[in-house]
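Okay, so here's the structure we're looking at.
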Amino acid sequence: MGKCTSCGAWNSFEEEVIESSVKTSSQYVPSSSARPIVLSEIKTEKLDRIPTRIHELDQVVGGGIVPGSVILLGGEPGIGKSTLLLQVAVNLNKKVLYVSGEESPQQIFLRAQRLNVPSNNCYIYSETNIAAIIQEIKNSTPDLVIVDSVQTLKHPDIDASPGSVSQIRETSNLLIELAKQTHTPMILIGHINKEGSIAGPKILEHMVDVVLQFEGDMQNVYRILRSNKNRFGSTAEIGIFEMEQSGLREVANPSEIMLSGNPEKLSGVAVASVMEGIRPLMIEVQALVSTAAYGTPQRTVNGFDGKRLNMLLAVIEKRLGVKIYTKDVFVNVAGGIRVQDTAIDLAVVAAILSSLFDFYIPNNFCFAGEVGLTGEIRSVSQIEKRIKESSKLGIKKMFVPSVETTHKSQCEVVSCSRIDSTFREIFKKQSE
Ligand code: TYD
Ligand code: MG
């Protein structure tokens, strides 16, 4: 501009270049260790993990948070991510910077009141500008940084709106670099919506060290924490929590809670032993088989694969000679847990037959076995672990595929090879 628009003077403008503080902070300074080293000569530094004091979380991340590591916690809105991390922040005996772009400090204070843990080490910082956040981390040198959430972060030099792919990628990149430089561990929250239509945090998964997923049925109180990726530990561990009035409670013995014991001796209930990661879990499978009122029978299933249910129904129909095609079939896995383990098959078949013929399966029977198309019962993994868990919970009879088990326990282990012979056996005992 040549002429000033307010005073009318000519050539009175001077150029001033505004340096972006973010750009300079992101410049990577190579350290001396960034040279090729012979693998066998690399000095092993002991990883001084920071325990979070939330045992279930520690277990999932591999025994505590590794300094300088970046953890991405994903999950649907409302599942409890902010609650979990606020609990981490207030329980940790270290300085925590909780950056919140989602909620005001007052809102977080109210939540902290519900959790009922006073903390003088947790600093709430309501900010979304990444330059300010980085400055604050450098100034206050916290022991842990929590960012809620990556979708709210804003890079001042990028025009795109917060939550867009470019904003998420650039802002997270800066945080990850800072974590590595300062050895400050960070936990980033990322929302994932049901349809997965917003790519959002997905693009971050290869950049961070650990990817945790918090999941569960919104109508139910149980939440499962899984790790999808972990550079410092196994991804097989899971953590189970229960959402209560005063925050998330760790569930150390999930099997005990998932089993109702079926005190009224109702038909249509069978106990399954399934593996969730490396953890054996006892859950109740419920089935209801009733005569279809209208043309096409309904098949509704909760917590289990619907296509697999159709397959099991076809196997029952063909191999046991039972007419089931005119029936409505509803199957529900109690506790709101989604089971991937195919060892649940045998319990599903048991529950369906139990409901169909209206006979009660004793509550101290337990099933573990995959059912094949010819009606054979196929082997499942970790049978010893499953038997051990069952006998711990007072199971008296466990139906498993034909396997050699060396495990000595109070519970009687019954080897099953086919569904027809197995259920004839159970059925016969009932009618005697
Ligand atoms: P929140 O942590 O806000 O979920 P996210 O950050 O994943 O979006 O928690 C969501 C729900 O948890 C909320 O709807 C209410 C419930 N809740 C409780 O039941 N008890 C509690 O003590 C708290 C803090 C939340
Ligand atoms: Mg939240």
Side-chain angles (χ1 to χ4, degrees), residues 16-28 70-86 89 96-111 123-140 142 144-182 184-215 218 228-229:
E16 188 186 345
V17 180
I18 298 168
E19 293 262 349
S20 160
S21 59
V22 179
K23 281 213 173 108
T24 51
S25 72
S26 72
Q27 268 168 12
Y28 181 63
V70 179
I71 298 174
L72 175 68
L73 175 65
E76 285 171 32
I79 203 81
K81 301 178 295 296
S82 307
T83 308
L84 177 68
L85 292 189
L86 188 64
V96 180
L97 183 68
Y98 189 108
V99 181
S100 178
E102 302 237 322
E103 291 155 309
S104 66
Q106 289 75 21
Q107 278 173 307
I108 298 172
F109 177 74
L110 288 177
R111 174 175 296 150
Y123 294 82
I124 307 293
Y125 185 38
S126 205
E127 180 59 81
T128 56
N129 185 329
I130 191 71
I133 294 170
I134 287 181
Q135 204 53 51
E136 180 57 36
I137 296 172
K138 282 183 172 166
N139 289 345
S140 61
L144 174 69
V145 177
I146 293 170
V147 178
D148 188 2
S149 63
V150 289
Q151 269 97 347
T152 60
L153 296 181
K154 184 153 175 37
H155 193 306
D157 291 351
I158 297 175
D159 282 335
S161 58
S164 63
V165 173
S166 54
Q167 284 284 11
I168 290 179
R169 191 177 44 225
E170 293 309 318
T171 51
S172 307
N173 232 335
L174 293 175
L175 287 175
I176 292 167
E177 259 174 38
L178 187 67
K180 304 292 161 204
Q181 277 172 20
T182 59
T184 313
M186 297 191 187
I187 307 181
L188 314 178
I189 290 182
H191 293 297
I192 296 168
N193 69 356
K194 233 181 195 131
E195 299 77 35
S197 56
I198 298 173
K202 273 275 169 210
I203 54 161
L204 285 179
E205 290 191 355
H206 67 275
M207 292 155 63
V208 299
D209 300 305
V210 180
V211 177
L212 302 181
Q213 177 98 15
F214 208 27
E215 55 185 49
M218 223 53 108
N228 293 342
K229 162 183 173 178

>> If you apply the rule side-chain contact (heavy atoms from CB on, under 4.5 Å), what do you find for Leu175 with Ile137, and how did you get there?
In response: CA-CA 10 Å; Leu175 287 175; Ile137 296 172; 4.2 Å; yes

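For the salt bridge (Lys or Arg N to Asp or Glu O under 4.0 Å) test, residues two or more places apart in sequence or in another chain that qualify with Arg111 are Glu103. By the side-chain contact (heavy atoms from CB on, under 4.5 Å) test, Tyr123 pairs with Lys95, Leu97, sequence neighbours left out. For Glu170, there are no side-chain hydrogen bond (donor to acceptor under 3.5 Å, both in side chains) partners at least two apart in sequence or on another chain. Residues that satisfy the side-chain hydrogen bond (donor to acceptor under 3.5 Å, both in side chains) test with Thr83, not counting sequence neighbours, are absent from this structure. By the salt bridge (Lys or Arg N to Asp or Glu O under 4.0 Å) test, Lys180 pairs with Asp209, sequence neighbours left out. Applying the side-chain hydrogen bond (donor to acceptor under 3.5 Å, both in side chains) test to Ser149 and every residue at least two apart in sequence or in another chain returns Glu102. Residues satisfying the side-chain contact (heavy atoms from CB on, under 4.5 Å) criterion with Ser126, sequence neighbours excluded, are Pro105. Evaluation of the side-chain contact (heavy atoms from CB on, under 4.5 Å) rule for Gln213 yields Ile192, Glu215, Asn228 as partners, not counting sequence neighbours. Scored by the side-chain hydrogen bond (donor to acceptor under 3.5 Å, both in side chains) test, Ser140 finds Glu136 as partners (sequence neighbours excluded). Ala132 meets the side-chain contact (heavy atoms from CB on, under 4.5 Å) test with Tyr125, Glu127, Asn129; sequence neighbours excluded.
Under the 4.5 Å side-chain criterion, counting only non-hydrogen atoms from C-beta, Thr184 is not in contact with Leu178. A 4.5 Å side-chain heavy-atom check between Pro142 and Val96 finds every atom pair outside the cut-off. With contacts defined as side-chain heavy-atom distances shorter than 4.5 Å, the pair Thr128/Pro162 does not qualify.
At distances below 3.5 Å, at least one donor-acceptor pair connects side-chain atoms of Gln107 with backbone N or O atoms of Ser104. When atom types are taken as modelled, the side chain of Lys229 and the backbone of Val208 share a donor-acceptor pair closer than 3.5 angstrom. For the pair Gln167 (side chain) and Ile158 (backbone), a donor-acceptor distance under 3.5 Å is present. Lys81 places a side-chain N or O within 3.5 Å of a backbone atom of Glu76 that can act as its donor or acceptor partner.
To the nearest 0.5 Å, the span separating CE on Met207 from CD on Glu177 amounts to 9.0 Å. Note: Gln151 CD to Ser172 OG = 9.0 Å, rounded to the nearest 0.5 Å. The line from CG of Leu188 to CD1 of Ile176 is 6.5 Å long, rounded to the nearest 0.5 Å. Leu84 contributes atom CG, which lies 6.5 Å from atom CG of Leu73 (distance to the nearest 0.5 angstrom). Taking CD1 of Ile108 as the reference point, atom OG of Ser100 lies at 3.5 Å (rounded to 0.5 Å). If you take CD1 on Ile187 and CD1 on Ile146, they are separated by 5.0 Å, rounding to the nearest 0.5 Å.
A pairwise comparison of heavy atoms in Ile168 and Gly163 identifies CD1-O, 3.5 Å as the closest pair. Summarising the geometry of Gly80 relative to Phe214, their closest heavy-atom pair is O-CE2, 3.6 Å, with the distance given to 0.1 Å. Heavy-atom minimum distance, Ser164 versus Ser161: OG-O, 2.8 Å. Closest approach of Ser82 and Asp148 over heavy atoms only: OG-OD2, 2.8 Å.
Within a 6.0 Å sphere centred on CG of Asn139, other residues, nucleotides and ligands contribute more than 12 heavy atoms.
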